Amino acid sequence: MRPAAGEQTVEGFVRIVEVGPRDGLQNERQPIDVDARVALIERLVDAGVQHIEAASFVSPRWVPQMASSAEVMARLPMRPGVRYSALTPNLHGLEAALASGCQEVAVFGAASESFSQKNINCSIRDSLERFRSVVETARGHGVRVRGYVSCVVGCPYEGPIAPAKVAEVCLQLQEMGCQEISLGDTIGVGTPASVTAMLEACLRHLPAAQLAGHFHDTYGMAVANVAASLAMGLRTFDSSVSGLGGCPYAAGASGNVATEDLVYLLHGQGLRTGIDLDQLVAVSDWISVVLQRSPGSRVTRALLARSLPN
Ligand code: HMG
Ligand code: MG
């Protein structure tokens, strides 16, 4: 059995949390129908992905793309070792997630006051207060809880964010019972230097095994930021097949590091992920056809070009 968040890490194994069906599709101009959302997740599971953020129980007025999340959850294949999680900003969302059989939920806050207001309509302090009951209730149902912190290096409204502020929010999430904290470079402005400074601050309070890196690739730095985080001891990373996505409340932000690019990097470093790169590239190619665009992963483009006849 492969390690899960907060569990003891197995030497040489890196855990990938695929967030494309949520972080990716939440940002599409046209809502993607339930059939395509389910088919994407099924294909990712077939490629060996074991943890997929499949849904988001947020207000459909705020993020219409994630409406019908309960229907998506109900249709997912149950496979041993595969876990599906969902975003739950409040008790309303948590109730829906629990009813749909979610095995893990995530609350999502920020290290930037302005981003918190734009994204979830409340201050950082109020969000943490709200999350407390979500976390308690989820844990009471035996459901694992992840806490996201957005804008860990920069904010689209406030600019650079102090590492100490990020560490403070992480610690509060951990103290209220979040078993894993995912550090979001929401707008992809981080570099190995700024990411390392941020991680140094967080690692003063939390063990590396409880932290995940969530790097958007707006400036092309995401793979470098993963490498810097690996050097700091992190072994869990979020990524999005084909680099899908962005953030509806961060104009201009592009998708997460592409899962294919992340897998290529990790396998190249002699690390294991349990994911079959060729199958993953086929999923990336498939979703790109569905969304009528070329794949957002350089690795996928390179491998597909290699397989073309001369
Ligand atoms: P609000 O308007 O302040 O909420 O929104 P409210 O409690 O005042 O309720 C207003 C209405 O929304 C009510 O309906 C509620 O029932 C309904 P009405 O009585 O008016 O008909 N409502 C809900 N409906 C469905 N599900 C719910 C829910 N809650 C209330 N859970 C709220 C507050 C948090 C709900 C809203 O701001 C929201 O949904 N925001 C979502 C923002 C979002 O999804 N952003 C993208 C995800 S975060 C992200 O991408 C970053 C991340 O990837 C990390 C990174 O990259 O940094 C995670
Ligand atoms: Mg994100």
Side-chain angles (χ1 to χ4, degrees), residues 17-28 53 55-70 73 85-100 102 104-112 114-124 126-131 133-134 137-138 145-157 161 166 169-170 173 178 180-190 195 198 211-218 222 225 237-240 243-259:
V17 178
E18 167 63 50
V19 296
R22 193 282 302 172
D23 208 347
L25 299 186
Q26 77 178 9
N27 210 44
E28 287 299 316
E53 198 169 74
S56 183
F57 292 95
V58 297
S59 162
R61 279 200 212 150
W62 285 63
V63 185
Q65 294 88 338
M66 288 290 107
S68 311
S69 276
M73 289 298 304
S85 57
L87 295 192
T88 53
N90 50 19
L91 281 172
H92 185 135
L94 178 67
E95 277 157 24
L98 291 175
S100 78
C102 256
E104 179 173 316
V105 296
V107 292
F108 49 103
S112 146
S114 323
F115 187 82
S116 179
Q117 289 288 354
K118 296 265 187 207
N119 194 37
I120 50 175
N121 205 24
C122 64
S123 67
I124 297 175
D126 289 350
S127 73
L128 293 169
E129 212 33 61
R130 186 185 290 173
F131 296 157
S133 53
V134 177
T137 311
V145 187
R146 164 180 253 217
Y148 277 103
V149 182
S150 283
C151 301
V152 295
V153 268
C155 165
Y157 314 104
I161 297 293
V166 180
V169 177
C170 287
L173 288 169
C178 291
E180 177 177 69
I181 314 293
S182 177
L183 299 160
D185 180 11
T186 317
I187 52 170
V189 287
V195 165
M198 179 273 296
L211 297 175
H214 179 107
F215 300 112
H216 284 262
D217 204 21
T218 319
N225 292 335
F237 296 97
D238 303 350
S239 60
S240 179
L244 297 177
C247 177
Y249 298 98
S254 65
N256 299 81
V257 62
T259 310

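Just follow the structure's listing: the first ligand is 1, and inside any ligand the first atom is 1. All figures in this text were calculated on a predicted structure; none of them were measured in a lab.
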Could you walk me through whether L244 and L25 satisfy the side-chain contact (heavy atoms from CB on, under 4.5 Å) test, starting with their C-alpha distance in whole Å, then the side-chain angles of each, then the deciding distance to 0.1 Å, before giving a yes or no?
CA-CA 7 Å; L244 297 177; L25 299 186; 4.0 Å; yes
Please could you name the atoms of ligand 1 that [X] approaches to less than 4.0 Å, counting only its heavy atoms?
X: D23; result: 50 (O), 53 (O)
X: H214; result: 53 (O), 54 (C), 55 (C), 56 (O)
X: V63; result: 43 (C), 44 (O)
X: G93; result: 31 (N)
X: L87; result: 47 (C)

Hey, is P60 one of the residues with a heavy atom under 4.0 angstrom from ligand 1?
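P60: in contact with ligand 1 (<4.0 Å).
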Tell me whether ligand 1 is touched by M66 - counting only heavy atoms on the residue side and a distance under 4.0 Å.
no
Side-chain contact test, heavy atoms from C-beta onward, threshold under 4.5 Å: evaluate it for [X] versus [Y] and give yes or no.
X: M66; Y: P60; result: no
X: H214; Y: N256; result: yes
X: I161; Y: V152; result: no
X: F57; Y: S100; result: yes
X: E95; Y: T88; result: no
X: I187; Y: F115; result: no
X: P89; Y: S56; result: no

Using a 4.0 Å heavy-atom threshold (strictly under), name the region of [X] that reaches ligand 1: side chain, backbone, both or neither.
X: S150; value: both
X: V58; value: both
X: N119; value: both
X: D185; value: neither
X: Q65; value: neither
X: T186; value: both

Please report whether ligand 1 has a polar contact with [X], defined as an N or O pair separated by less than 3.5 Å (distance criterion only).
X: S56; value: no
X: H216; value: yes
X: F57; value: yes

Within rounding of 10°, what is the angle whose vertex is the Mg ion (ligand 2) and whose arms end at NE2 of H216 and NE2 of H214?
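Result: 90°, to 10°.
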Nearest non-hydrogen contact with atom 36 (C) of ligand 1 belongs to which option: F108, F115, Y148, W62?
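The nearest heavy atom belongs to W62.
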Considering only heavy atoms, which of N121, V107, V134, N90 lies nearest to atom 1 (P) of ligand 1?
N121
Which atom pair, heavy atoms only, marks the closest approach of V153 to V195?
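In terms of heavy atoms, the two residues are closest at CG1-N, 4.2 Å.
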Can you tell me the N, O or S atom of D23 that's nearest the Mg ion (ligand 2)?
OD2
Between N27 and Q65, does a side-chain contact (heavy atoms from CB on, under 4.5 Å) hold up when you go through it step by step?
CA-CA 7 Å; N27 210 44; Q65 294 88 338; 6.0 Å; no
Of D23, T186, D185, N225, the residue whose pairing with H216 passes side-chain hydrogen bond (donor to acceptor under 3.5 Å, both in side chains):
D23
Should R146 and D238 count as an ion pair when the cut-off is N to O under 4.0 Å?
yes
